[in-house]
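A quick write-up on the structure given underneath.
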There are 4 protein chains.
Amino acid sequence: MTGQEKVEARKIKILEAAAKVFAGKGFQDATISEIANAAGTSEATIYDYFATKEGLLFSIPLGPVQQLRETAEFHLRLIKGAANKIRAFLYLQLLFYRNNRDFASVLMLILKQNRRFLDTQAHKMIREFLKIFDHMIKEGMDSGEFRSDIDPYLLRSAGLGAIEHVTTNWLMLGQPDDDEFLGMIDPMIDTLIMGIQNIEETGICPLELSKIKKNKTGGDKK
Amino acid sequence: MTGQEKVEARKIKILEAAAKVFAGKGFQDATISEIANAAGTSEATIYDYFATKEGLLFSIPLGPVQQLRETAEFHLRLIKGAANKIRAFLYLQLLFYRNNRDFASVLMLILKQNRRFLDTQAHKMIREFLKIFDHMIKEGMDSGEFRSDIDPYLLRSAGLGAIEHVTTNWLMLGQPDDDEFLGMIDPMIDTLIMGIQNIEETGICPLELSKIKKNKTGGDKK
Amino acid sequence: MTGQEKVEARKIKILEAAAKVFAGKGFQDATISEIANAAGTSEATIYDYFATKEGLLFSIPLGPVQQLRETAEFHLRLIKGAANKIRAFLYLQLLFYRNNRDFASVLMLILKQNRRFLDTQAHKMIREFLKIFDHMIKEGMDSGEFRSDIDPYLLRSAGLGAIEHVTTNWLMLGQPDDDEFLGMIDPMIDTLIMGIQNIEETGICPLELSKIKKNKTGGDKK
Amino acid sequence: MTGQEKVEARKIKILEAAAKVFAGKGFQDATISEIANAAGTSEATIYDYFATKEGLLFSIPLGPVQQLRETAEFHLRLIKGAANKIRAFLYLQLLFYRNNRDFASVLMLILKQNRRFLDTQAHKMIREFLKIFDHMIKEGMDSGEFRSDIDPYLLRSAGLGAIEHVTTNWLMLGQPDDDEFLGMIDPMIDTLIMGIQNIEETGICPLELSKIKKNKTGGDKK
DNA sequence: AATGAATGAGGCTTCATTCAT
DNA sequence: TATGAATGAAGCCTCATTCAT
């Protein structure tokens, strides 16, 4: 390891320790001392890498968001159709949260409510990342895959809101458990997308409702 | 004003001041001294009414949630149809947030991320309040108004998540502005509900789920 | 009960409550609120009777010391011989402590270390009370019952010191238990008095002081 | 001075400052700020060394008691005879109090009345130290130097009680003054010891205990 | 005479941050 | 580059005490 690499490695160690401690106790209740302990360094060393406690907090997403973005871009390139892309996009996000619980906690429970975070490089990266979502919506509307009367902002809100709500619940309550957490995303996204798809375009309609209904609801009715 | 009333009035004044200050600066950055000032009392008096700073925070929702619940129950009694009820329920919530911005801030940006809040009387009230939502979903499914294959938890997540997301954005960014904020709720709810309505019932569109699923999975494989 | 008596009764109730609370938690950790509770009154009422918390503390001994003094004077009048009087005096003191544990705690553990207590009416009463002890010592020396070479101050110190030490131990440790506590006083006083009695006078033992001294000094030399 | 030594030196400085301030104003009326001032440090530094104000208080005796113990053990090794040892033991204690007035104040006026102090390392050291006294008493009784009918606990109480009483008086009243304070100890100890020495053993006086007892009881009856 | 209610004053304690080594 | 040690700044909370009723 070169000196440069060693420095980078330690920085990452600090960030991971910080994510863990912040996730566990919240920003205010976490102390630099605790983070230093968890990172195996001294408090002073942390200040060699980050100017302030809040600066450290705001640096946590830089790596993960970059990573998530690259993953998303890699996968999305292979997928056709706006609906499918959106499904994948949301799915990858949830998957990422599940695999990086500390980061998810920091992002959902701490950063999302910090006004100063809005002026941050990390927040800019997140905005950039979410533009992908907007593009996909636009793509779906342009291509006719989605109904033309939907409001992109609303779809975005519903999609991201649902993700956030589910993730926050998972983080706060531990329910549903890790496996179920991912399993639920598919039908949820279905429901969302169903509401916006252009039925003519998909060519699925006219549907024989009675059949579907019988199929699926039959049991319920009896 | 009797002595009892005066006490109650002062308590409410403190709670309102606390909501305002907490909303403005967050829990940790708010000081009791500031709240006392805003309430026109001394710090010590606040401790005559609330045992701790956090206890004060946790008491803020008690009044508003009660009020919101009564409003919702009053209106919902007059509405027929699960979809319409849900629309009204979500709308009333947003309306209430818009009219009680401080309370909304405290709830969305502070309390939602506090684990200890979960064990609170106020949180219990919120859970009770949201049961109304669950009942409405069940009602829609039982009556056949909603498709029977939706997962109630998911619908709940999407609905509340969207509300929270929109509200949080409004609080954090000031966008969209107050008027637009309410205006957007109608189409958003439409979109959501459209995804779950039973098409036979509404006579609009038969969706073929199997195809969508196939399509989706195919995409993932590529 | 006349009004005057009722007032007096309440005052006593407050003093007893105060003794109890002070004894249990010490002066600083006791609160007026607690004392008011224990006395069945309000805090404000306590201030109708006593000007300050410390004034209340300083008033606690007034009754008990008066009572102890009267008891002592009554009994001592019946006893002949300085040694016997001293024994009785010390015994009555211990008996009183045992029967008034809260008062003993307040006196031994709180008041004895308070410099301001020295300027107090209650302290003056205690000094007066202890003059009885000095008189008895003088009586014993004058009559020849005690050796003439003892230092009255020293005897006083040893006698009172032993009492205080035993009482303090009892209060702090609960050892020895209540019954044993009294039982031990007799032999202790014997030991003390034995050291000061004039053997010629009592006809028991021709104590050759010079030899004892020699002996003692001899020991040092070896 | 190495870093380690500097730290130790500062710790001692804080302890000395604390002893001084606590001695002067009592525990509750002393402030950390004052102690910090007296020690030439900041308040926060004190908390780097001691967890709480009370923890600081409880740490004060650690050094002095250790020192006193070593002194006592050194001197006692050179002395023969239980009476002489006891005299030396008590004398060294008083001498130590006189030379460390702040420590004496803290011990006699503050710590002795604190129940929590009983569970302290420092209190354990004191108990260990006083075991020396118990051993000496036992030694005197085993060797026949002391009468066999004395109760060791009582002798201990009388000895320590007298010391405490005299010391407390000196601390509270400033009387007798420093020089006299030490001068009085010799005759006081003589008096004490005279009461317990075995006269047969010393060959001085056949003390007829039965008679004394009779005498005493007779007095009570009259 | 009794008290419910209000408050001024102040201390302990915590940490983020700095700096000399 | 790393850190042990020091500290300034600040806030929560407690109560003795007062006063209007």
Side-chain angles (χ1 to χ4, degrees), chain A residues 3 6-7 10-11 14 27-36 39-56, chain B residues 2-4 6-7 10-11 14 28-36 39-56, chain C residues 3-4 6-7 10-11 14 27-36 39-56, chain D residues 2-4 6-7 10-11 14 27-36 39-56:
Chain A
K6 265 165 66 182
V7 162
R10 173 160 285 203
K11 190 167 185 174
I14 292 173
F27 178 71
Q28 303 283 354
D29 291 342
T31 67
I32 294 290
S33 163
E34 234 174 328
I35 294 171
T41 69
S42 70
E43 303 177 49
T45 297
I46 289 182
Y47 281 88
D48 285 344
Y49 289 84
F50 303 94
T52 66
K53 187 188 179 189
E54 200 176 50
L56 170 58
Chain B
T2 72
Q4 197 48 240
K6 263 166 68 181
V7 162
R10 176 159 282 205
K11 189 168 186 174
I14 292 173
Q28 301 283 353
D29 292 341
T31 68
I32 292 290
S33 163
E34 233 173 328
I35 295 171
T41 69
S42 70
E43 297 181 44
T45 295
I46 290 182
Y47 283 90
D48 279 349
Y49 288 84
F50 304 95
T52 65
K53 188 187 178 189
E54 199 178 50
L56 170 57
Chain C
Q4 194 49 241
K6 265 165 68 183
V7 162
R10 174 159 284 202
K11 190 168 185 174
I14 292 173
F27 179 69
Q28 302 283 354
D29 290 342
T31 66
I32 293 290
S33 162
E34 235 173 329
I35 295 171
T41 68
S42 71
E43 303 176 50
T45 297
I46 290 183
Y47 282 88
D48 284 345
Y49 289 84
F50 304 94
T52 67
K53 186 188 179 188
E54 201 175 50
L56 170 58
Chain D
T2 71
Q4 196 48 240
K6 265 165 67 182
V7 163
R10 175 159 283 207
K11 189 170 185 172
I14 292 172
F27 178 70
Q28 302 283 354
D29 291 341
T31 68
I32 292 290
S33 163
E34 233 174 329
I35 295 171
T41 69
S42 69
E43 298 180 45
T45 296
I46 290 182
Y47 282 88
D48 279 349
Y49 289 82
F50 304 94
T52 64
K53 188 187 179 187
E54 199 176 52
L56 170 57

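In what follows, chains are A, B, ... by sequence order, proteins preceding strands, each numbered from 1.
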Find which nucleotide of DNA chain F each of A:Gly40 and D:Ile46 is nearest to by heavy atoms, and output the residue with the more 5' nucleotide.
A:Gly40
When you compare the side chain of C:Gln28 with that of D:Phe27, does any pair of heavy atoms fall below 4.5 Å?
no
How about B:Tyr49 and B:Val7: do any of their side-chain heavy atoms sit closer than 4.5 Å?
yes
Take the protein atom [atom1] of [X] and the nucleotide atom [atom2] of [N], then report the distance between them rounded to whole Å.
| X | N | atom1 | atom2 | value |
| --- | --- | --- | --- | --- |
| D:Phe50 | E:dC12 | CZ | C1' | 16 Å |
| B:Leu56 | F:dG11 | CG | P | 16 Å |
| B:Glu34 | F:dA10 | CD | P | 13 Å |

Taking A:Ala30's backbone N and O only, do any of them form a donor-acceptor pair with A:Lys53's side chain (distance below 3.5 Å, no angle check)?
yes
To the closest 0.5 Å, what do you measure between CG (B:Leu56) and NZ (B:Lys11)?
10.5 Å
Once you apply the 3.5 Å cut-off to both distances, tell me the Watson-Crick or G-U wobble partner of F:dT17, or none.
E:dA6
Re E:dA1: Watson-Crick or G-U wobble partner, both distances kept under 3.5 Å, found to be none
For A:Glu34 and A:Asp29, which heavy atoms make the closest approach, and how far apart are they?
OE1-O, 4.1 Å
Shortest non-hydrogen contact from A:Ile35 to A:Ile14?
CG2-O, 4.2 Å
According to a strict under-4.0 Å criterion, is C:Arg10 in side-chain N/O contact with OP1 or OP2 of E:dT3?
yes
Would you mind telling me which residue lines up with the more 5' stretch of DNA chain E, B:Val7 or C:Tyr49, judged by nearest nucleotide?
C:Tyr49
Produce a footprint string for nucleotides 14-21 of chain E: one letter per nucleotide, 5' end first; B if the base is under 4.0 Å from any protein heavy atom, S if only the sugar-phosphate is, - if neither.
BBSBBB--
